[in-house]
Amino acid sequence: MINPKGMKALIAEYTVFNDPGLAPEGRAMLRVLSESFESCGYEVLSPEKGDFAEEIGRLAPECDVGLVIAPDDILWRFTKIVEDNTRNIGCGSLNIALCSNKRRTGEVLSSQGIAVPKEIDEGVRLIKRINGVDGQNMRLADEEPGKGEFGQEFIEGDNISVSLVGGRVTGDTCLSYSGKGPVVLSVNRQYIERDGNRFFYRGGETPVDHPRKDEIIETAIKSLNVLGCQGYTGVDVIVADDIYVVDVNPRPTTSLVGICAIMEEEIAEILVESSKGNVPDSVHLNGRVSFDTKGVVKRLE
């Protein structure tokens with residue numbers, strides 16, 4: 001996709017100026033997305049220091065498309081500003097609000113026959129934030145969850161994620177809804193480090209050829225459709241006796257950095273065209289890489 005009109009893209013990443021702990025991941029995603037949009041002929045605008053919402057409100061009206069990356073619990077309100085001022089090429093704000101609540105997301109998925117870890121209120125369980133990101137303060141313990149936390153059964157298995165891009169399902173539906181299913185960018189292995197009873201996300205590798213790949217992809221696509229996600233979406237699963245969905249991220253995730261290092265297509269083109277209903281049938285990945293939470297990519301083959 002070559003952009004002959006000098007169009008502008010807003011790529012707004014929250015953590016770079018507002019969350020030092022997550023900033024390296026955010027900076028890596030911002031770099032990859034900006035490079036792709038620039039390769040496609042866009043001028044990229046991004047918020048600077050200051051009030052993030054005000055910066056989006058200032059820049060969005062100047063841009064032809066916009067995308068926000070932020071922790072899920074605050075992502076929806078920043079995305080709403082984009083929706084009100086330009087073409088949002090990410091997930092819709094209402095769907096983001098649903099996905100940000102891990103307890104409610106699990107209830108919705110379970111009601112549609114998708115396996116999720118059961119919520120339990122006694123004994124040793126995995127305690128996590130209802131609105132969390134990157135497993136913040138996630139721990140295995142026999143204790144009462146704190147404020148804003150809940151407990152789930154702990155399931156051991158393969159930590160896998162699926163990166164997809166869904167087409168337009170909300171917004172200017174009559175103009176852009178095509179009925180095409182999402183495109184699967186890749187199936188990824190997640191590096192989850194356990195230190196005692198605590199768990200930390202350390203990056204991953206992509207793509208992986210898991211023996212239950214078809215089941216994993218089917219579950220991820222169904223989850224995306226049930227929750228009404230559009231744009232880049234990451235679905236985290238644990239592969240055990242069943243395929244358990246543990247998180248749905250309605251935004252670009254760190255896997256993007258690894259995927260774009262080996263994908264022939266431009267992620268910018270995929271995101272923009274999918275927002276118009278023109279979801280590609282597939283993408284082409286050359287090789288396999290690992291990636292960490294600082295944006296370092298290493299070729300594995």
Side-chain angles (χ1 to χ4, degrees), residues 72 99 102-103 105-120 124-129 132-136 138-140 150-166 181-195 197-227 229 232-259 262-263 282-283 285 287-293 300-301:
D72 296 344
C99 291
K102 298 182 188 304
R103 172 183 273 163
T105 296
E107 292 171 349
V108 172
L109 294 177
S110 180
S111 73
Q112 299 301 311
I114 297 170
V116 299
K118 295 178 182 177
E119 185 170 345
I120 56 178
V124 176
R125 61 258 205 207
L126 189 66
I127 298 175
K128 60 171 69 173
R129 289 176 54 181
V133 62
D134 274 359
Q136 290 175 326
M138 188 165 63
R139 60 201 184 276
L140 192 64
F150 72 117
Q152 289 183 322
E153 63 177 330
F154 177 60
I155 298 171
E156 293 194 66
D158 294 336
N159 294 289
I160 301 293
S161 72
V162 183
S163 301
L164 314 97
V165 176
V183 59
V184 176
L185 301 181
S186 68
V187 176
N188 324 296
R189 186 176 307 281
Q190 293 188 312
Y191 295 159
I192 306 296
E193 178 184 318
R194 180 171 179 175
D195 184 2
N197 289 328
R198 293 186 178 270
F199 300 85
F200 304 91
Y201 173 68
R202 300 303 190 201
E205 62 186 68
T206 188
V208 294
D209 189 17
H210 197 280
R212 298 175 69 182
K213 182 177 179 180
D214 290 345
E215 291 178 75
I216 293 168
I217 290 175
E218 180 182 358
T219 299
I221 290 175
K222 185 175 181 180
S223 299
L224 177 144
N225 288 334
V226 164
L227 297 169
C229 296
Y232 194 107
T233 303
V235 181
D236 298 342
V237 305
I238 294 177
V239 183
D241 59 313
D242 208 334
I243 311 295
Y244 294 88
V245 175
V246 295
D247 206 1
V248 177
N249 300 294
R251 54 172 170 75
T253 63
T254 310
S255 302
L256 171 76
V257 179
I259 294 167
I262 54 175
M263 185 169 67
S282 61
V283 298
L285 304 180
R288 189 165 62 93
V289 297
S290 67
F291 51 91
D292 65 16
T293 56
L300 301 175
E301 62 181 52

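Expressed to the nearest 0.5 Å, how far CD of Glu107 lies from CD of Gln112 amounts to 13.0 Å. Here the CZ-CG distance, from Arg139 to Asp195, works out to 14.5 Å after rounding to the nearest 0.5 Å. Separating the CD1 atom in Ile192 from the CG atom in Asp158 is a distance of 12.0 Å, to the nearest 0.5 Å. Taking OG1 of Thr254 as the reference point, atom CZ of Arg202 lies at 12.0 Å (rounded to 0.5 Å). The NE2 atom of His210 lies 11.5 Å from the CD1 atom of Ile217; values are rounded to the nearest 0.5 Å.
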**OP:** Carefully, step by step, assess Asp247 and Thr105 under the rule side-chain contact (heavy atoms from CB on, under 4.5 Å).
**Re:** CA-CA 8 Å; Asp247 206 1; Thr105 296; over 6 Å; no
**OP:** Please lay out, stage by stage, how Lys102 and Arg129 fare under the test side-chain contact (heavy atoms from CB on, under 4.5 Å).
**Re:** CA-CA 8 Å; Lys102 298 182 188 304; Arg129 289 176 54 181; 5.9 Å; no
**OP:** Run the numbers on Ile259 and Tyr232 for side-chain contact (heavy atoms from CB on, under 4.5 Å), then give the verdict.
**Re:** CA-CA 12 Å; Ile259 294 167; Tyr232 194 107; 3.6 Å; yes
Subject >> Audit row: Asp236, Asn159, side-chain contact (heavy atoms from CB on, under 4.5 Å) steps and yes/no >> reply: CA-CA 7 Å; Asp236 298 342; Asn159 294 289; over 6 Å; no
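For the pair Val124 and Leu140, the minimum side-chain heavy-atom distance is below 4.5 Å. Looking only at side-chain heavy atoms (C-beta outward), Val226 and Ser111 stay at 4.5 Å or farther from each other. Counting heavy atoms from C-beta outward, Leu126 and Met138 have side chains that approach closer than 4.5 Å. Within the 4.5 Å cutoff, side-chain heavy atoms of Ile114 are placed close to those of Thr219. Put simply, the side chain of Lys128 reaches to within 4.5 Å of the side chain of Phe150, judged on heavy atoms. Using a 4.5 Å heavy-atom threshold, the side chains of Ser163 and Leu256 count as separate. Residues Tyr201 and Thr293 form a side-chain contact, since some pair of their non-hydrogen atoms from C-beta on lies under 4.5 Å apart. Taking 4.5 Å as the limit, every side-chain heavy atom of Thr233 sits out of range of all side-chain heavy atoms of Pro182.
Other residues, nucleotides and ligands contribute only 12 or fewer heavy atoms inside 6.0 Å of the CD atom of Glu218.
For Arg212 (side chain) and Ala240 (main-chain N/O), a donor-acceptor pair under 3.5 Å exists by modelled atom type.
Nearest heavy-atom pair, Asp241 versus Tyr244, reported as atom, atom and distance to 0.1 Å: OD1-OH, 3.0 Å. Across all their heavy atoms, Val116 and Val245 have their closest contact at CG1-O, 3.6 Å. The heavy-atom pair separating Val248 from Asp72 by the smallest distance is O-OD2, 4.4 Å. In this structure, Val289 and Gly258 approach most closely via the heavy-atom pair CG2-O, 3.5 Å. Looking at every heavy atom in both residues, Cys99 comes nearest to Leu227 through SG-CD1, 3.9 Å. In plain terms, the two heavy atoms of Phe199 and Arg194 that are nearest each other are CE2-CD, 3.6 Å.
Side chains of Thr206 and Ser255: a donor-acceptor N/O pair is absent below 3.5 angstrom, by distance only.
Contacts of Ser161 classified as side-chain hydrogen bond (donor to acceptor under 3.5 Å, both in side chains), with partners at least two apart in sequence or in another chain: Asn188.
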